[in-house]
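One structure is given below, encoded as C-alpha cells.
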Amino acid sequence: MSAQIIDGKAYAAGLRQRIAGAVGDLAGRGVTPGLAVVLVGEDPASQIYVTNKARQTLEVGMRSFEHKLPATASEAEVLSLVQKLNADPAVDGILVQLPLPKHIDTQKVIETVDPAKDVDGFHPINAGRLMTGVPGLVSCTPLGCLLLLQSVKPDLAGLDAVVVGRSNIVGKPMAQLLLAQSCTVTVAHSRTKDLPDVCRRADILVAAVGRPEMVRGNWVKPGAIVIDVGINRVPNPAAGEGKTRVVGDVAYAEAAAVASAITPVPGGVGPMTIACLLRNTLEAACRRRGLAMPGV
Ligand code: GUN
C-alpha cells in the first residue's frame, strides 16, 4: 500500500482564504479582528514563528500587534502587559510565545490571559471546556490535526486512536478532541509498556513526542491514518557538512508504505497551526461581539 499524502500546506492555504473571506464580511460590519503576540527574549525559532504569525495575520485582513520584551523582562512586566492586552478592545486574541525564559512562571502567565482572548486554548478554563464538551477555544495544533484527519475521513466514530505524547499543548487536547469524535482513545507516553504494540492497534496514530523518526513503519497498522506532529531538525551530512534537515516523529517512508494516509514533514501539521490560530482569532472576535462564527 502507498499512503495518500495529506497536504497540510494546501489545506492551510484554503483555510486562510476562507478566513480572509469571513474577515472581509466582518469589515463590512465595522469589525476588524486583532491578534496580539507577545515574545519575550531572542530565541531564534520563536522569532521566526512570531514573524510568520504577524505576516499571515495581516494577509487575512486582521490587525497584528507585536510586543517584544527583552529576555531580562520580569514576570511582573509580562503579567502587566497581558493585563493591558486583556483590557484593550482592539485585541481579540492574545498569544504569548512559549517557551518563556526560566525566571517566568509560564502557568501564571497562561492563567492571566482572559479566557475569551486565549487563542492558544491553553487557559485551564478552555482546557476544561474542551474536556466537558462546552464550546471554547481549542489549542491550534491539535485542532489542525483533527481538521486534517477529517479531510481524509469525515466520520471518526468508533475508531481506535492512539496519541503518543501527553503534553498540555498537543497530546492531552488531541486526545480530548478525538474522544469528542467518539474515537476510543489511548494516550501513550515515554513510560508506556510495549509502545510499538500499543501503536499497532491504532486506526488513527498521532505522534507528538519530539523524537526524530521514533515511530517506525512496523508500529503502524496497515491502513491506519498517521498524523505526525513532530518538527525535528537533524544533521544531513548528505547535503554537506553542517547541513540539517527537518524530520517528523515518524519514519516517513516506512510508515507511508503501510498507512492509508499520512502527513508529511514539512508540509503536514506545521502549516495548520498558524491557520488555526487565525481561525481561533476570528472565533474570539465573533464570540466577544455576540456574532455567529462563520463556517470556515
Ligand atoms: N511555541 C511553539 N508552539 C507554540 C504555540 O502553539 N503557541 C505558543 N504560545 N507558543 C508556542
Side-chain angles (χ1 to χ4, degrees), residues 8 12 15-16 34-57 64-69 71 73 75 78-79 81-82 85-86 91-102 104-127 130 136-148 165-174 176-177 206-211 227-233 246 248-249 263 265-266 268-281 283-284:
L15 178 55
R16 287 197 304 270
L35 172 64
V37 174
V38 178
L39 176 63
V40 187
E42 282 91 35
D43 177 57
S46 290
Q47 282 179 326
I48 293 170
Y49 282 141
V50 167
T51 303
N52 285 337
K53 280 172 194 162
R55 179 176 50 79
Q56 294 186 28
T57 303
S64 171
F65 307 98
E66 270 184 71
H67 294 270
K68 294 190 174 172
L69 301 180
E75 184 179 286
V78 176
L79 294 177
L81 173 58
V82 170
L85 297 171
N86 283 345
V91 172
D92 294 291
I94 301 169
L95 179 142
V96 181
Q97 185 69 28
L98 304 182
L100 288 167
K102 288 201 168 32
I104 296 174
D105 181 342
T106 299
Q107 195 59 25
K108 209 170 187 179
V109 174
I110 287 172
E111 293 187 20
T112 301
V113 175
D114 178 349
K117 297 188 176 187
D118 170 35
V119 285
D120 257 329
F122 292 168
H123 194 290
I125 293 263
N126 282 315
L130 175 60
L137 292 163
V138 176
S139 291
C140 305
T141 300
L143 183 57
C145 293
L146 179 65
L147 293 175
L148 291 182
R166 54 175 157 178
S167 69
N168 289 342
I169 294 180
V170 183
K172 287 179 197 165
M174 187 76 243
Q176 291 298 337
L177 281 173
V206 181
V209 276
R211 285 176 174 235
I227 303 290
D228 189 348
V229 183
I231 300 176
N232 309 289
R233 198 163 276 285
V246 172
D249 292 346
T263 58
V265 177
V269 173
M272 292 298 288
T273 298
I274 297 181
C276 288
L277 173 69
L278 302 175
R279 188 206 163 281
N280 280 353
T281 305
E283 185 167 354

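Indexing begins at 1, ligand by ligand and atom by atom, following the structure's order. The figures that follow rest on heavy atoms only: side chains count, while hydrogens, waters and symmetry mates do not.
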Next on the checklist: Test side chain to side chain contact (heavy atoms under 4.5 Å, CB included) on Phe122 and Ile169; report intermediate values, then the result.
Outcome noted: CA-CA 7 Å; Phe122 292 168; Ile169 294 180; 3.6 Å; yes
Checklist entry - Is the number of heavy atoms from other residues, nucleotides or ligands under 6.0 Å of Tyr49 OH greater than 12? => result no
Checklist entry - Between Val38 and Leu85, is a side chain to side chain contact (heavy atoms under 4.5 Å, CB included) present by the stated rule, with each step listed? => result CA-CA 10 Å; Val38 178; Leu85 297 171; 3.7 Å; yes
List of N/O pairs, ligand 1 versus protein, all under 3.5 Å?
unit_1: ligand 1; atom_1: 1 (N); unit_2: Gln97; atom_2: NE2; d: 3.1
unit_1: ligand 1; atom_1: 1 (N); unit_2: Leu98; atom_2: O; d: 2.9
unit_1: ligand 1; atom_1: 7 (N); unit_2: Asp120; atom_2: OD1; d: 3.0
unit_1: ligand 1; atom_1: 7 (N); unit_2: Asp120; atom_2: OD2; d: 3.4
unit_1: ligand 1; atom_1: 9 (N); unit_2: Val96; atom_2: O; d: 2.8
unit_1: ligand 1; atom_1: 9 (N); unit_2: Asp120; atom_2: OD2; d: 2.6
unit_1: ligand 1; atom_1: 10 (N); unit_2: Leu98; atom_2: N; d: 3.0

Checklist entry - Where the side chain of Thr263 meets the backbone of Asp228, is there a donor-acceptor pair that is under 3.5 Å apart? => result yes
Next on the checklist: Donor-acceptor check, side chain of Asp114 to backbone of Asn86, threshold 3.5 angstrom: yes or no?
Outcome noted: no
Item to check | side chain to side chain contact (heavy atoms under 4.5 Å, CB included) between Met272 and Leu148, intermediate numbers included | outcome: CA-CA 9 Å; Met272 292 298 288; Leu148 291 182; 3.7 Å; yes
